[in-house]
2 protein chains.
Amino acid sequence: MNKSTENILKNSNLRNTHGRTSILEILTKAGKPITQEQIAVKLKKTLNKTTIYRNLESFLKAGMVHRVFLNQRMWAYELSHNCTENQCHPHLICRKCKKTTCITNCNIPLFDNIPGFKIERQKILFEGLCPGCQ
Amino acid sequence: MNKSTENILKNSNLRNTHGRTSILEILTKAGKPITQEQIAVKLKKTLNKTTIYRNLESFLKAGMVHRVFLNQRMWAYELSHNCTENQCHPHLICRKCKKTTCITNCNIPLFDNIPGFKIERQKILFEGLCPGCQ
DNA sequence: CAACAAATGCAACTAAGTTGCAAAGACAAA
DNA sequence: TTTGTCTTTGCAACTTAGTTGCATTTGTTG
Ligand SMILES: [Mn+2]
Ligand SMILES: [Mn+2]
Ligand SMILES: [Zn+2]
Ligand SMILES: [Zn+2]
(Lines give C-alpha, C1' and ligand atoms only; values in the text may rest on other atoms or scores of the structure.)
(Ligands and ions follow the chains in the order given, each with its own letter.)
Protein backbone atom coordinates (compact mmCIF):
# COMPACT_ATOMS: atom_id res chain seq x y z
CA MET A 1 0.00 0.00 0.00
CA ASN A 2 2.54 2.57 1.12
CA LYS A 3 5.29 4.00 -1.04
CA SER A 4 8.12 1.90 0.36
CA THR A 5 6.35 -1.41 -0.20
CA GLU A 6 5.65 -0.33 -3.74
CA ASN A 7 9.31 0.45 -4.30
CA ILE A 8 10.49 -2.78 -2.72
CA LEU A 9 8.30 -4.70 -5.15
CA LYS A 10 9.41 -2.62 -8.12
CA ASN A 11 13.07 -3.10 -7.27
CA SER A 12 12.57 -6.84 -7.25
CA ASN A 13 10.68 -6.78 -10.55
CA LEU A 14 7.51 -7.91 -8.85
CA ARG A 15 4.22 -6.41 -9.94
CA ASN A 16 2.38 -4.34 -7.42
CA THR A 17 -0.72 -6.36 -6.70
CA HIS A 18 -3.19 -6.15 -3.88
CA GLY A 19 -2.23 -9.62 -2.70
CA ARG A 20 1.46 -8.82 -2.47
CA THR A 21 1.04 -5.62 -0.52
CA SER A 22 -1.44 -7.23 1.86
CA ILE A 23 0.85 -10.17 2.55
CA LEU A 24 3.80 -7.84 3.17
CA GLU A 25 1.71 -5.74 5.53
CA ILE A 26 0.62 -8.83 7.43
CA LEU A 27 4.21 -10.07 7.72
CA THR A 28 5.32 -6.68 8.96
CA LYS A 29 2.61 -6.48 11.60
CA ALA A 30 3.20 -10.09 12.68
CA GLY A 31 6.84 -9.44 13.61
CA LYS A 32 7.44 -13.18 13.87
CA PRO A 33 7.30 -16.17 11.55
CA ILE A 34 3.80 -17.08 10.41
CA THR A 35 2.38 -19.77 8.15
CA GLN A 36 0.40 -19.58 4.92
CA GLU A 37 -2.76 -20.37 6.84
CA GLN A 38 -2.13 -17.68 9.43
CA ILE A 39 -1.62 -15.20 6.62
CA ALA A 40 -4.82 -16.37 4.93
CA VAL A 41 -7.04 -15.72 7.95
CA LYS A 42 -5.59 -12.23 8.42
CA LEU A 43 -6.35 -11.19 4.85
CA LYS A 44 -9.25 -8.75 4.46
CA LYS A 45 -9.82 -9.79 0.84
CA THR A 46 -9.33 -13.52 0.50
CA LEU A 47 -6.56 -14.88 -1.67
CA ASN A 48 -6.28 -18.38 -3.01
CA LYS A 49 -3.75 -20.42 -1.03
CA THR A 50 -1.84 -21.16 -4.22
CA THR A 51 -1.45 -17.46 -4.76
CA ILE A 52 -0.24 -16.92 -1.21
CA TYR A 53 2.34 -19.68 -1.61
CA ARG A 54 3.46 -18.31 -4.95
CA ASN A 55 3.80 -14.80 -3.59
CA LEU A 56 5.78 -16.02 -0.61
CA GLU A 57 7.98 -17.92 -3.03
CA SER A 58 8.62 -14.77 -5.05
CA PHE A 59 9.44 -12.85 -1.86
CA LEU A 60 11.85 -15.63 -0.90
CA LYS A 61 13.65 -15.47 -4.23
CA ALA A 62 13.91 -11.70 -3.89
CA GLY A 63 15.38 -12.14 -0.41
CA MET A 64 12.58 -10.17 1.24
CA VAL A 65 11.46 -13.04 3.46
CA HIS A 66 12.97 -16.09 5.11
CA ARG A 67 11.42 -19.47 5.55
CA VAL A 68 11.76 -20.73 9.07
CA PHE A 69 11.40 -24.19 10.37
CA LEU A 70 9.66 -24.49 13.68
CA ASN A 71 9.40 -28.15 14.69
CA GLN A 72 6.04 -28.46 13.02
CA ARG A 73 5.29 -29.93 9.67
CA MET A 74 4.88 -26.63 7.91
CA TRP A 75 6.88 -23.61 6.96
CA ALA A 76 6.67 -20.22 8.58
CA TYR A 77 7.67 -17.04 6.83
CA GLU A 78 8.98 -13.75 8.16
CA LEU A 79 10.57 -10.60 6.85
CA SER A 80 14.30 -11.02 6.63
CA HIS A 81 15.08 -7.53 7.90
CA ASN A 82 16.35 -8.78 11.26
CA CYS A 83 18.94 -11.14 9.81
CA THR A 84 22.49 -10.57 8.70
CA GLU A 85 23.94 -12.14 5.60
CA ASN A 86 25.42 -15.10 7.44
CA GLN A 87 23.08 -15.51 10.35
CA CYS A 88 19.34 -15.59 10.87
CA HIS A 89 18.29 -14.27 14.25
CA PRO A 90 17.44 -17.16 16.55
CA HIS A 91 13.95 -18.27 17.51
CA LEU A 92 12.64 -19.76 20.69
CA ILE A 93 9.78 -22.20 20.88
CA CYS A 94 8.19 -22.10 24.29
CA ARG A 95 7.71 -25.50 25.88
CA LYS A 96 4.64 -24.27 27.72
CA CYS A 97 2.65 -22.02 25.37
CA LYS A 98 4.20 -23.41 22.16
CA LYS A 99 4.55 -19.91 20.77
CA THR A 100 7.53 -18.81 18.71
CA THR A 101 9.49 -15.69 19.58
CA CYS A 102 12.14 -13.93 17.56
CA ILE A 103 15.31 -13.33 19.52
CA THR A 104 16.70 -10.11 18.09
CA ASN A 105 18.31 -8.53 21.13
CA CYS A 106 21.18 -10.96 21.30
CA ASN A 107 24.62 -11.02 19.83
CA ILE A 108 25.61 -14.55 18.99
CA PRO A 109 28.89 -14.98 17.11
CA LEU A 110 29.13 -17.01 13.93
CA PHE A 111 30.86 -20.33 14.51
CA ASP A 112 32.73 -20.46 11.26
CA ASN A 113 35.88 -22.10 12.58
CA ILE A 114 34.85 -25.72 12.22
CA PRO A 115 37.77 -27.63 10.68
CA GLY A 116 37.00 -28.97 7.22
CA PHE A 117 33.79 -27.04 6.72
CA LYS A 118 32.98 -23.74 5.09
CA ILE A 119 30.19 -22.24 7.18
CA GLU A 120 28.10 -19.74 5.26
CA ARG A 121 25.01 -19.38 7.36
CA GLN A 122 24.04 -20.21 10.91
CA LYS A 123 20.52 -20.84 12.17
CA ILE A 124 19.73 -21.34 15.82
CA LEU A 125 16.57 -22.71 17.34
CA PHE A 126 16.05 -22.59 21.08
CA GLU A 127 13.61 -24.55 23.14
CA GLY A 128 12.69 -23.32 26.58
CA LEU A 129 10.36 -20.84 28.23
CA CYS A 130 9.27 -17.46 26.92
CA PRO A 131 9.07 -14.40 29.20
CA GLY A 132 5.33 -14.88 29.75
CA CYS A 133 5.63 -18.50 30.86
CA GLN A 134 8.06 -18.39 33.76
CA MET B 1 20.26 -58.10 17.73
CA ASN B 2 23.16 -57.77 20.16
CA LYS B 3 22.88 -57.79 23.94
CA SER B 4 23.10 -54.04 24.45
CA THR B 5 20.29 -53.25 22.04
CA GLU B 6 18.19 -55.80 23.80
CA ASN B 7 18.87 -54.18 27.16
CA ILE B 8 18.22 -50.70 25.86
CA LEU B 9 14.82 -51.83 24.69
CA LYS B 10 14.06 -53.65 27.91
CA ASN B 11 15.04 -50.65 30.01
CA SER B 12 12.60 -48.53 28.05
CA ASN B 13 9.82 -51.10 28.38
CA LEU B 14 9.86 -51.71 24.65
CA ARG B 15 9.45 -55.23 23.40
CA ASN B 16 12.36 -56.75 21.59
CA THR B 17 11.07 -57.13 18.04
CA HIS B 18 12.89 -57.73 14.80
CA GLY B 19 11.76 -54.37 13.45
CA ARG B 20 13.08 -52.43 16.43
CA THR B 21 16.50 -54.01 16.43
CA SER B 22 16.86 -53.58 12.66
CA ILE B 23 15.93 -49.91 12.82
CA LEU B 24 18.36 -49.31 15.65
CA GLU B 25 21.13 -51.08 13.73
CA ILE B 26 20.41 -48.98 10.66
CA LEU B 27 20.46 -45.76 12.68
CA THR B 28 23.75 -46.78 14.26
CA LYS B 29 25.38 -47.59 10.94
CA ALA B 30 24.03 -44.42 9.32
CA GLY B 31 25.78 -42.14 11.81
CA LYS B 32 23.72 -39.21 10.60
CA PRO B 33 20.04 -38.25 10.48
CA ILE B 34 17.98 -40.35 8.06
CA THR B 35 14.34 -40.40 7.07
CA GLN B 36 11.68 -43.08 7.35
CA GLU B 37 12.06 -43.81 3.66
CA GLN B 38 15.84 -44.12 3.91
CA ILE B 39 15.38 -46.56 6.75
CA ALA B 40 12.80 -48.51 4.76
CA VAL B 41 15.10 -49.14 1.80
CA LYS B 42 17.93 -50.32 4.08
CA LEU B 43 15.76 -52.93 5.79
CA LYS B 44 16.49 -56.53 4.83
CA LYS B 45 13.03 -57.68 5.87
CA THR B 46 10.50 -55.05 4.86
CA LEU B 47 8.48 -53.26 7.50
CA ASN B 48 5.31 -51.33 6.95
CA LYS B 49 5.93 -47.56 6.99
CA THR B 50 3.38 -47.15 9.77
CA THR B 51 5.39 -49.54 11.87
CA ILE B 52 8.62 -47.67 11.16
CA TYR B 53 7.02 -44.39 12.16
CA ARG B 54 5.57 -45.92 15.29
CA ASN B 55 8.88 -47.46 16.31
CA LEU B 56 10.70 -44.19 15.73
CA GLU B 57 8.04 -42.51 17.85
CA SER B 58 8.63 -44.98 20.67
CA PHE B 59 12.39 -44.42 20.43
CA LEU B 60 11.78 -40.69 20.58
CA LYS B 61 9.70 -40.98 23.73
CA ALA B 62 12.38 -43.15 25.29
CA GLY B 63 15.00 -40.53 24.41
CA MET B 64 16.98 -42.95 22.26
CA VAL B 65 16.66 -40.89 19.09
CA HIS B 66 16.25 -37.26 18.11
CA ARG B 67 14.19 -35.84 15.34
CA VAL B 68 16.16 -33.39 13.30
CA PHE B 69 15.05 -30.61 11.08
CA LEU B 70 16.82 -30.40 7.74
CA ASN B 71 15.19 -27.75 5.54
CA GLN B 72 13.09 -30.36 3.80
CA ARG B 73 9.49 -31.24 4.41
CA MET B 74 10.20 -34.40 6.28
CA TRP B 75 11.77 -35.52 9.50
CA ALA B 76 15.11 -37.18 9.88
CA TYR B 77 15.99 -39.34 12.86
CA GLU B 78 19.28 -40.13 14.49
CA LEU B 79 20.59 -41.71 17.66
CA SER B 80 20.84 -39.14 20.41
CA HIS B 81 24.15 -40.42 21.74
CA ASN B 82 26.13 -37.46 20.43
CA CYS B 83 24.00 -34.85 22.15
CA THR B 84 24.12 -33.41 25.62
CA GLU B 85 21.05 -32.70 27.67
CA ASN B 86 20.80 -29.11 26.60
CA GLN B 87 22.31 -29.13 23.17
CA CYS B 88 22.00 -31.25 20.06
CA HIS B 89 25.20 -31.40 18.07
CA PRO B 90 24.95 -29.12 15.03
CA HIS B 91 24.37 -30.23 11.47
CA LEU B 92 25.57 -28.81 8.22
CA ILE B 93 23.64 -28.96 4.98
CA CYS B 94 25.98 -28.66 2.05
CA ARG B 95 24.92 -26.11 -0.53
CA LYS B 96 26.55 -28.12 -3.30
CA CYS B 97 25.88 -31.81 -2.65
CA LYS B 98 22.85 -31.21 -0.35
CA LYS B 99 24.13 -33.84 2.05
CA THR B 100 23.80 -33.50 5.80
CA THR B 101 26.77 -33.94 8.10
CA CYS B 102 26.85 -34.21 11.85
CA ILE B 103 29.26 -31.79 13.46
CA THR B 104 30.48 -33.57 16.54
CA ASN B 105 34.05 -32.35 16.82
CA CYS B 106 33.13 -28.84 17.88
CA ASN B 107 32.59 -27.20 21.21
CA ILE B 108 29.86 -24.62 20.95
CA PRO B 109 28.74 -23.03 24.20
CA LEU B 110 25.09 -22.84 25.20
CA PHE B 111 23.72 -19.34 24.83
CA ASP B 112 21.52 -19.36 27.87
CA ASN B 113 21.98 -15.76 28.89
CA ILE B 114 19.24 -14.19 26.82
CA PRO B 115 17.37 -11.73 29.04
CA GLY B 116 13.78 -12.75 29.75
CA PHE B 117 14.09 -16.26 28.36
CA LYS B 118 14.83 -19.60 29.95
CA ILE B 119 16.88 -21.51 27.39
CA GLU B 120 16.67 -25.26 27.85
CA ARG B 121 17.93 -26.58 24.57
CA GLN B 122 19.90 -25.22 21.65
CA LYS B 123 19.83 -26.54 18.10
CA ILE B 124 22.14 -25.24 15.41
CA LEU B 125 21.87 -25.73 11.69
CA PHE B 126 24.65 -24.61 9.40
CA GLU B 127 24.51 -24.04 5.70
CA GLY B 128 27.73 -24.05 3.71
CA LEU B 129 30.13 -26.48 2.13
CA CYS B 130 31.11 -29.91 3.37
CA PRO B 131 34.73 -31.13 3.27
CA GLY B 132 34.18 -32.97 -0.01
CA CYS B 133 32.76 -29.97 -1.83
CA GLN B 134 35.46 -27.31 -1.47
C1' DC C 1 -5.92 2.27 -25.29
C1' DA C 2 -3.31 -2.08 -26.99
C1' DA C 3 -0.12 -5.73 -26.32
C1' DC C 4 2.15 -8.80 -23.60
C1' DA C 5 3.99 -10.88 -19.70
C1' DA C 6 2.99 -11.82 -15.05
C1' DA C 7 -0.29 -12.98 -11.54
C1' DT C 8 -4.45 -15.33 -10.11
C1' DG C 9 -8.11 -18.95 -9.16
C1' DC C 10 -9.53 -23.38 -9.45
C1' DA C 11 -9.36 -28.26 -9.42
C1' DA C 12 -6.76 -32.07 -9.38
C1' DC C 13 -2.63 -34.00 -7.65
C1' DT C 14 1.48 -35.33 -4.61
C1' DA C 15 4.02 -36.48 -0.53
C1' DA C 16 4.61 -37.27 4.33
C1' DG C 17 2.69 -38.76 8.01
C1' DT C 18 -1.58 -40.50 10.92
C1' DT C 19 -5.59 -43.34 12.43
C1' DG C 20 -8.63 -47.36 13.33
C1' DC C 21 -8.98 -51.91 13.53
C1' DA C 22 -8.21 -56.80 13.20
C1' DA C 23 -4.52 -60.23 13.31
C1' DA C 24 -0.03 -61.69 14.95
C1' DG C 25 3.58 -61.71 18.31
C1' DA C 26 6.27 -60.98 22.83
C1' DC C 27 6.72 -62.20 27.30
C1' DA C 28 5.77 -63.51 31.97
C1' DA C 29 3.03 -66.26 35.13
C1' DA C 30 1.33 -70.58 35.98
C1' DT D 1 5.16 -75.41 27.62
C1' DT D 2 0.98 -73.62 27.65
C1' DT D 3 -2.00 -69.75 28.57
C1' DG D 4 -3.45 -64.99 29.02
C1' DT D 5 -2.70 -60.44 28.33
C1' DC D 6 -0.89 -56.53 26.54
C1' DT D 7 2.00 -54.79 22.69
C1' DT D 8 3.19 -54.56 18.07
C1' DT D 9 2.22 -55.05 13.26
C1' DG D 10 0.04 -54.61 8.56
C1' DC D 11 -3.29 -52.76 5.85
C1' DA D 12 -6.37 -49.45 3.96
C1' DA D 13 -8.30 -45.28 4.34
C1' DC D 14 -7.55 -40.64 5.70
C1' DT D 15 -5.38 -35.97 6.65
C1' DT D 16 -2.50 -32.12 5.89
C1' DA D 17 0.67 -29.02 3.57
C1' DG D 18 2.08 -27.81 -0.40
C1' DT D 19 2.42 -28.18 -5.84
C1' DT D 20 1.05 -28.32 -10.77
C1' DG D 21 -1.42 -27.32 -15.14
C1' DC D 22 -4.24 -24.50 -17.36
C1' DA D 23 -7.58 -21.02 -18.53
C1' DT D 24 -8.68 -16.28 -17.15
C1' DT D 25 -7.58 -11.81 -15.36
C1' DT D 26 -4.62 -8.03 -14.27
C1' DG D 27 -0.45 -4.78 -14.14
C1' DT D 28 2.78 -2.27 -16.74
C1' DT D 29 4.87 -0.14 -20.54
C1' DG D 30 4.67 2.35 -24.70
MN1 LIG E 1 12.19 -14.19 13.60
MN1 LIG F 1 23.74 -35.64 13.87
ZN1 LIG G 1 5.45 -19.34 26.48
ZN1 LIG H 1 28.91 -31.31 -0.03
Side-chain angles (χ1 to χ4, degrees), chain A residues 1 3 5-26 33-62 64-78 98 100, chain B residues 1 3 5-24 26 33-62 64-77 98 100:
Chain A
M1 222 56 169
K3 210 66 193 165
T5 305
E6 216 171 286
N7 282 336
I8 290 170
L9 289 174
K10 186 164 281 180
N11 291 340
S12 303
N13 281 316
L14 296 176
R15 287 187 180 172
N16 178 18
T17 67
H18 177 263
R20 294 226 167 105
T21 48
S22 317
I23 294 173
L24 285 178
E25 265 176 47
I26 288 168
I34 53 176
T35 63
Q36 179 275 317
E37 219 189 332
Q38 290 174 303
I39 292 170
V41 301
K42 283 185 208 291
L43 283 165
K44 297 252 172 58
K45 192 168 169 302
T46 64
L47 270 186
N48 187 276
K49 73 169 174 172
T50 312
T51 305
I52 301 176
Y53 278 120
R54 287 199 273 227
N55 281 338
L56 289 169
E57 190 63 34
S58 66
F59 295 161
L60 262 185
K61 261 198 204 145
M64 297 154 62
V65 308
H66 280 151
R67 206 159 59 162
V68 182
F69 174 82
L70 295 177
N71 271 354
Q72 286 119 242
R73 282 189 50 230
M74 53 205 158
W75 292 108
Y77 299 80
E78 68 174 343
K98 310 292 177 200
T100 299
Chain B
M1 222 55 170
K3 209 69 196 163
T5 305
E6 216 171 287
N7 283 336
I8 289 170
L9 290 174
K10 187 164 282 179
N11 291 339
S12 303
N13 281 316
L14 296 175
R15 288 188 178 172
N16 178 18
T17 67
H18 177 263
R20 292 224 169 107
T21 49
S22 317
I23 295 174
L24 284 178
I26 289 168
I34 53 176
T35 63
Q36 179 281 136
E37 219 189 332
Q38 291 175 303
I39 292 170
V41 301
K42 283 185 208 291
L43 282 165
K44 297 250 172 60
K45 191 167 169 303
T46 63
L47 271 185
N48 187 275
K49 72 169 176 172
T50 312
T51 304
I52 301 177
Y53 278 120
R54 288 198 273 227
N55 281 338
L56 288 169
E57 190 64 32
S58 65
F59 296 161
L60 262 185
K61 261 198 204 147
M64 296 153 64
V65 308
H66 279 151
R67 207 157 60 161
V68 182
F69 135 61
L70 295 176
N71 269 356
Q72 285 118 240
R73 283 189 50 230
M74 53 204 160
W75 291 109
Y77 299 80
K98 309 294 177 198
T100 299

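Numbers restart at 1 for each chain; the letters A, B, ... are given by sequence-line order, proteins then strands. All heavy atoms count here, side chains included; hydrogens, waters and symmetry mates do not.
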**Q** Heavy atoms, side chains only, cut-off 4.5 Å: are A/Met64 and A/Leu9 in contact?
**A** yes
**Q** Decide whether A/Gln38 and A/Thr35 meet the rule of one side-chain donor and one side-chain acceptor closer than 3.5 Å.
**A**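 Checked: A/Gln38/A/Thr35 side chains pair up, N/O donor to acceptor below 3.5 Å.
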**Q** Which parts of nucleotides 12-21 of chain D does protein reach within less than 4.0 Å, heavy atoms only, written one letter per nucleotide 5' to 3' as B for base, S for sugar-phosphate only and - for none?
**A** B----BBBBB
**Q** How many whole angstroms separate atom CD of B/Gln72 from atom P of C/dA16?
**A**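 B/Gln72 atom CD is separated from C/dA16 atom P by 10 Å.
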**Q** Starting at atom CG of B/Asn55, determine the distance to atom P of C/dG17, rounded to an integer number of angstrom.
**A**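 B/Asn55 atom CG is separated from C/dG17 atom P by 15 Å.
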**Q** Can you check the A/Lys45 NZ to C/dA7 P distance for me, whole Å?
**A** 16 Å
**Q** Considering only heavy atoms from C-beta outward, does the side chain of B/Trp75 approach that of A/Arg73 to under 4.5 Å?
**A** yes
**Q** Any heavy-atom pair between the side chains of A/Lys42 and A/Ile39 that's under 4.5 Å?
**A** no
**Q** Looking at A/Asn55, is its backbone amide N or carbonyl O close enough to the side chain of A/Arg20 to form a donor-acceptor pair, meaning the two atoms are under 3.5 Å apart?
**A**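 Answer holds: no.
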**Q** Produce a footprint string for nucleotides 25-30 of chain D: one letter per nucleotide, 5' end first; B if the base is under 4.0 Å from any protein heavy atom, S if only the sugar-phosphate is, - if neither.
**A** -BBS--
**Q** Does any part of the side chain of B/Ile23, heavy atoms only, come nearer than 4.5 Å to the side chain of B/Leu47, both counted from C-beta?
**A**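 Of all side-chain heavy-atom pairs linking B/Ile23 with B/Leu47, at least one is under 4.5 Å.
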**Q** Taking everything shown except B/Glu37 itself, do over 12 heavy atoms lie less than 6.0 Å from its CD?
**A**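 Atom CD in B/Glu37 is not packed in, count stays at 12 or less.
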**Q** Within a strict 4.5 Å, meaning less than it, do heavy atoms of the A/Glu25 and A/Thr5 side chains meet?
**A**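 With C-beta onward as the side chain, the pair stays apart.
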**Q** Between P on D/dT7 and CZ on B/Arg20, what's the gap in Å once rounded to a whole number?
**A** 11 Å
